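Because the structure is a prediction, the values reported are computed rather than measured. Note that the numbering runs from 1 along the sequence shown for the chain.
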Amino acid sequence: MDLFEYMRASNMKNESPLAKRLRPTTLDEVVGQEHILGKDKLLYRAIKADKLGSIILYGPPGTGKTTLAMVIANTTSSDFKELNATTSGKKDIEEVIKIAKDNLGMYGKKTILFVDEIHRFNKAQQDYLLPFVEDGTVVLIGATTENPYFEVNKALISRSTIFQLKPLSKVSVAKLIRRAVLDEEKGMGAYNAIITDDAVEFLADVSEGDARLALNAVELGILSTERNDDGKIVIDISVIEECIQKRNIRYDKDGDNHYDVISAFIKSMRGSDPNAAVYYLAKMLYAGESITFIARRIMICACEDVGMADPQAIVVASACAQAVERIGMPEAQIILANAAIYVASAPKSNSSCNAIFAAMDAVKEKGDCPVPSHLRDAHYSGASNLGNVGYKYAHIYDNHYVEQQYLPDKLVNEKFYEPGELGFEKQSAEWLRYIRANND
């Protein structure tokens with residue numbers, strides 16, 4: 001390294017973004033990902049013992065894939081090489097392989113090759129890597145935001161262990177935010193800045209597990225905020241709102257506001273106001289409400305408030321719930337909007353709710369009423385001796401209907417279900433009246 005390269009490296013170290021400067025260099029400095037980096041976990045033990053095999057790190061942006069690779073680089077005694085698949089080609093891979101072969105042949109030293117954005121390598125590039133991973137010339141660490149089972153060569157997958165990194169918890173992001181503000185060596189501690197607790201909580205929440213997003217906001221806030229009369233830079237919610245261009249919506253997920261908004265959302269769907277339903281949906285999504293929580297509430301409303309007036313409502317709501325789990329945000333907001341608008345716009349009936357509640361009351365009040373003998377199971381020898389005979393098979397009669405007693409004797413005149421007069425339920429009610437009136 002000549003003088004110019006040394007100066008360039010020094011300047012880059014000092015001028016690098018906060019998120020890069022704050023990256024841990026040891027395992028003990030890593031925040032979050034306890035499910036794979038806990039002290040009793042395989043990955044932690046393998047890194048500590050410097051016995052790491054080929055791995056693929058899979059997770060959304062800002063969860064620490066590159067950070068973990070750098071920790072491995074600082075921990076291992078192997079030669080560590082880094083490529084970015086967006087800018088590297090086959091020639092770059094060939095050069096690393098040549099160095100790896102020399103390291104192994106001349107010094108008996110392993111080479112770890114870290115490939116960031118490995119899904120960007122085409123099939124030919126991944127195929128070229130395969131034999132060298134297989135024979136141990138290199139130990140591969142791949143990082144990807146895409147599902148490796150779809151984007152990475154299956155042969156490479158079979159020779160690697162996949163570790164999924166999850167979005168960091170609010171607690172972990174908050175810890176990193178405070179470290180960034182106070183750390184004088186790697187962070188912004190030299191600026192004499194403070195950050196309010198509510199600003200930390202808000203930023204940790206809206207970052208949605210992306211540490212890089214949170215740290216970029218902290219850096220921008222400190223660098224762009226003037227000092228107060230005491231010479232301090234104060235980072236409060238208003239500063240954070242400007243830095244991330246997102247307004248702080250009053251929405252306490254564990255408090256009254258949470259229940260007020262979800263209540264308004266459900267009542268708007270029940271009241272057939274799709275505009276209000278979409279507004280309250282947007283408010284919940286903007287504030288970071290769980291998409292699975294919202295989907296569950298839409299399913300409940302589809303049954304409780306739409307019910308038999310449109311039986312397809314629960315089908316739509318259930319498909320929505322499955323889709324949002326598979327797809328996630330931001331696309332899930334469109335799926336949730338479709339379901340909420342469908343349920344809000346559908347004809348309404350709570351007759352099925354009334355029916356089941358009335359039937360439950362009858363079970364509690366009348367006790368265990370015996371099943372009529374002709375409805376009991378008769379598919380065994382001796383059933384006729386117990387009187388289990390006389391059942392009329394509906395399909396051999398006109399309209400596939402025949403009048404017979406289905407309710408127990410104590411409840412023979414009870415009516416639990418009273419059909420409504422809207423949508424599909426009106427049609428089914430008319431059909432029930434027709435077949436009973438035309439029963440021979």
Is it true that [X] and [Y] have a side-chain N and a carboxylate O under 4.0 angstrom from each other?
X	Y	result
Glu117	Lys65	no
Asp135	Lys101	no
Lys81	Asp79	yes
Glu29	Lys186	yes

So [Y] and [X], do their side chains get closer than 4.5 Å, heavy atoms only?
X	Y	result
Val343	Val316	no
Val139	Thr111	no
Leu182	Met188	no
Leu213	Asn216	no
Ile235	Ile240	yes
Lys109	Leu104	no
Phe114	Leu83	no

Side-chain donor-acceptor contact under 3.5 Å, [X] with [Y]:
X	Y	value
Thr25	Asn74	no
Thr196	Asp236	no
Asp127	Asn153	yes
Ser263	Lys267	yes
Glu425	Ser351	yes
Ser268	Asp273	no
Asp310	Tyr342	yes

Shortest non-hydrogen contact between [X] and [Y], atoms and distance:
X	Y	value
Leu422	Pro347	CB-CB, 4.1 Å
Cys303	Ser352	O-OG, 3.9 Å
Ser172	Glu34	OG-OE2, 4.4 Å

Keeping the roles fixed (side chain from [X], backbone from [Y]), state whether a donor-acceptor pair exists under 3.5 Å.
X	Y	result
Thr63	Gly59	no
Arg45	Asp40	yes
Ser207	Gly209	no

Does atom [atom1] of [X] have more than 12 heavy-atom neighbours from other groups under 6.0 Å away?
X	atom1	result
Glu151	CD	yes
Tyr401	OH	yes
Met360	CE	no
Arg120	CZ	no
Tyr417	OH	yes
Arg297	CZ	yes
Tyr191	OH	no

- Can you name the residues that form a ring pair (Phe, Tyr, Trp, His ring centres under 6.0 Å) with Tyr406, not counting sequence neighbours?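 With sequence neighbours excluded, Tyr406 shows a ring pair (Phe, Tyr, Trp, His ring centres under 6.0 Å) to no residue whatsoever.
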
- Task: Please identify each residue that fulfils salt bridge (charged side-chain N to carboxylate O under 4.0 Å, His left out) with Lys426, with sequence neighbours left out.
- Result: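 By the salt bridge (charged side-chain N to carboxylate O under 4.0 Å, His left out) rule, Lys426 matches no residue at all.
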
- Would Phe132 and Tyr128 count as a close aromatic pair, with their ring centres under 6.0 Å?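 Yes, close enough.
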
- Task: Enter the distance from Arg212:CZ to Leu168:CG here, rounded to the nearest 0.5 Å.
- Result: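 Spacing of CZ (Arg212) from CG (Leu168) equals 11.0 Å.
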
- Item | Under the side-chain hydrogen bond (donor to acceptor under 3.5 Å, both in side chains) test, residues paired with Ser272 that sit two or more places apart |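 In terms of side-chain hydrogen bond (donor to acceptor under 3.5 Å, both in side chains), with neighbours along the sequence ignored, Ser272 is linked to Lys348.
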
